[in-house]
Enquirer: 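To start, I am sharing the structure in question, which I have written as structure tokens.
Naming: A, B, ... by sequence-line order, numbering from 1 per chain.
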Amino acid sequence: MSSFDEMDAFEGASLSARAMAARPSPYLDDLNPAQRAAVERLDGPVLMLAGAGTGKTKALTARIVHLLMTGKARPNEILAVTFTNKAAREMKARVGRMLGQPAEGMPWLGTFHAICVKLLRRHAELAGLKSNFTILDTDDQLRLLKQLVQAAGIDDKRWPARMLAGIIDGWKNRALTPDRVPAADAGAYNRKGVDLYAQYQTRLRELNAVDFGDLLLHMVTIFQTHQDVLEQYQRWFRYVLVDEYQDTNVAQYMWLRLLAGAHRNICCVGDDDQSIYGWRGAEVGNILRFEKDFPGAHVVRLEQNYRSTPHILAAASNVIRGNEGRLGKELWTDAEGGEKVRLIGHWDGEEEARWIGEEIDAMQGGTRGMRSFHLDEIAILVRASHQMRAFEDRFLTIGLPYRVIGGPRFYERMEIRDAMAYFRLVVSPADDLAFERIVNTPKRGLGDKAQQTIQITARAHGVSLVEGARLALEQGLIKGKGGAALGQLVGDLARWGRMVEDADLSHMELAEIVLDESGYTAHWQNDKTPEAPGRLENLKELVKALEGFENLQGFLEHVSLIMDNESQDAERKVSIMTLHAAKGLEFPAVFLPGWEDGLFPSQRSMDESGLKGLEEERRLAYVGITRAEELCTISFAANRRVFGQWQNAMPSRFIDELPEDHVEVLTPPGLYGGGGMPAPGIESRAAEANVYNSPGWKRLQARQGQRGMSQPRESRNTVIDMEAVASFTIGERVFHQKFGYGAVIEIEGDKVEVAFDKAGTKKVVARFLSAKDDVPF
DNA sequence: GTGCACAAACTTTTT
DNA sequence: GTTTGTGCAC
């Protein structure tokens, strides 16, 4: 499909630009001067630097409406990209609301991925694919990589599929095809990685499949190598809008530059202070460089905040000030008063959870001298998901309703993926990855050997696995119980495949038939584990979700990209989520627990990315604080159990960066309380004591000072690793967390053989050993 | 070929 | 503390 008339026709511009231009435009009056400037400057490059809570979505949607109202573009000539489906949905809804009619005619408002799928299906042949290519999920991707590694005869301990997937993703994020991976990356060690990457791409093409990264990568490659195609789209997309520009990776950046390169009508919205996805390839540099990339760019700053109290804004501003290389923004507000940001330290993580639980209880009743809060107005934002556990445990025991946002997504659950694999096979029998997934689920007595036979047969005849299985059965290569079951499966698949065409049968009925007759439903009915009922429930929900689609194919098409599931139960609940998941959300009251060095900022982040990592952590702190509208409570604990092992920690360095004037310290009894004997009446003393004057705090200050000189600190893990390998000598006394004391017998690379006093002789990884003198406590 | 037991590795963050 | 992978017995 290459004619744009066709495109025009089938995308159907249901909104008539001209008809709308006649109507008044109240949407502009709603905007403040900065927003208005960003909206009205339609032509040429515009960078909208929108701080947290400054109404950027409003401005962005107003801009789209303005483009339509002024007749500058028809709905289908606007390319508007977001990162999440949720953001896309929201924008669609808001455009519709502003226009006073549904915005169905905006086919190119969507996520990077969704839009690329659409484009790639049209030009699949240019990437060596057929237009009905499948999109692999992470699971399929890993299985494929594992096979490749094993087939290449490489030690899969040295090349775990997960790691390889990470490396390949990294390259794809930077728009690097195997032949373009720079020598620096491909050096001695990664030589094999590039090799495997190339093989992986070949294999994907054979399977007529792409992974997530490919969606962008293929389109960039096509645009770069097919000038005519690029030019078509450059003409077609007259205006380009990008949300969350600070989160774009190199591939997305190149894609945008290619598309907007000719007319340069590109408007990027973002906030360099909220760039928190560097670890998955996002480049803050993209937004920092915007004016260089698009000379003559108009930069608008949205700085008036409509969300938070002055205290909260002051706290956030003061923290983020510690970062270098910002474009610079200062949030301000008309609002006055409000509570100061509250800071509290606890003895340990459990106490922290207990305190927050009690606090929430009190807030509900309005017994904190403030207005009362509903549970759904309260959120707990954590750095790492394992922190959620303490809160879940606590809230369960006190019966406080909560909801975890994020977690494993609906479509990532095992049973859903299994069911989807069945559907995929019914629709396209050549889907080998789907076949591999379900041949032996439920158990059919087809183990490694039988599966290998199928693989070999299929490869020998150059056919799909299903076909290979059929041939292998014919030739009597698979016998017995397994053979019978396989015969049944192959027959069933063919039968179900024919039922797809059956007009009398809805695709929902078909889905149920497939799940029942394959024995998959029974498999979970017979399962006695506690999660089995939930899984059956999920399967029911999956079938229900089919209702919204014309047929199975249509469903499968969409599902691979729609990974979010908003559980929409109406009950008021406290939200628990990670800081990352909280971006873009806001809550009247926010708790930010776990502000301890090592946890937040995360040690790993600093180890891996040094100062850059620390700055990203700081932005995360900024994002966290700015989620709060009225009340923000930061807390830290002196002790925390990590891996079931107690560790103590210093309060986060970010706590030092909070402005004293805007912080109220709620003195806890205990370590940070007043440094001494808990005397009677500590409750009242606690009310006036001040962490800033406590010995614990001063100690902390002193430590911070020393550390400040050598920031960022040397990687703790690396040091231990290297010392561990280098320093152990045969005969040395060592300590292992689980096995206790022992003596080194032999050293082999990173593995050390130790004769433990009580646990016998074991070979363990050096990292889990410490020299006897180093033993903590 | 399946199921159990034990040991290792693991914990950021995810479109 | 939990999951995942491996080795062993049935």
Enquirer: Grab the CD-P distance between A:Q387 and C:dG1 for me, whole Å please.
Expert: 17 Å
Enquirer: Cation-pi between A:R618 and A:F654: NZ/CZ under 6.0 Å from ring centre and within 45° of the ring axis?
Expert: no
Enquirer: Would you mind classifying the nucleic acid contact of A:N440 as base, sugar-phosphate or nothing, using non-hydrogen atoms under 4.0 angstrom?
Expert: sugar-phosphate
Enquirer: Of A:L446 and A:H113, whose nearest nucleotide on DNA chain B comes first from the 5' end?
Expert: A:L446
Enquirer: Mind calculating the distance between CD1 (A:I168) and P (B:dT14) to the nearest angstrom?
Expert: 22 Å
Enquirer: Which nucleotide sits closest to the side chain of A:R641: B:dG1, C:dG1, B:dT14?
Expert: C:dG1
Enquirer: Of all the choices, B:dT14, C:dT2, B:dG1, which nucleotide is nearest to the side chain of A:K449 once you look at every atom?
Expert: B:dG1
Enquirer: For the rings on A:W279 and A:H580, is their centre-to-centre separation under 6.0 Å?
Expert: yes
Enquirer: With the side chain of A:W279 defined as its heavy atoms from C-beta on, choose the nearest nucleotide among B:dT14, B:dT11, B:dT2.
Expert: B:dT14
Enquirer: Could you tell me whether the side chains of A:K146 and A:Q141 share a donor-acceptor contact shorter than 3.5 Å?
Expert: no
Enquirer: Between P on B:dC10 and CE on A:M163, what's the gap in Å once rounded to a whole number?
Expert: 12 Å
Enquirer: Using atom CZ of A:R640 as one end and atom C1' of C:dG1 as the other, report the distance to the nearest whole Å.
Expert: 15 Å
Enquirer: Using a cut-off of less than 4.0 Å, is there contact between a side-chain N or O of A:R162 and OP1 or OP2 of B:dC10?
Expert: no
Enquirer: Between A:Y622 and A:N323, is any side-chain donor less than 3.5 angstrom from a side-chain acceptor?
Expert: no
Enquirer: Just to be sure I understand the rule, does A:T578 reach a base, reach only the sugar-phosphate, or reach nothing, if contact means heavy atoms closer than 4.0 Å?
Expert: sugar-phosphate
Enquirer: Expressed as a whole number of angstroms, how long is the span from A:M414:CE to C:dT3:C1'?
Expert: 11 Å
Enquirer: When the distance from NZ of A:K583 to C1' of B:dT14 is rounded to whole Å, what number comes out?
Expert: 12 Å
Enquirer: Of all the choices, B:dG3, C:dG5, B:dT14, which nucleotide is nearest to the side chain of A:K146 once you look at every atom?
Expert: C:dG5
Enquirer: Quick one: A:K172 NZ to B:dT14 P, roughly how many Å, whole number?
Expert: 21 Å
Enquirer: Rounded to the nearest 0.5 Å, how far does CZ of A:R354 lie from CH2 of A:W347?
Expert: 13.0 Å
Enquirer: Tell me the interatomic distance from A:E350, atom CD, to C:dG1, atom P, rounded to whole angstroms.
Expert: 10 Å
Enquirer: When you match A:Q252 and A:A450 each to their closest nucleotide on DNA chain B, which lands nearer the 5' end?
Expert: A:A450
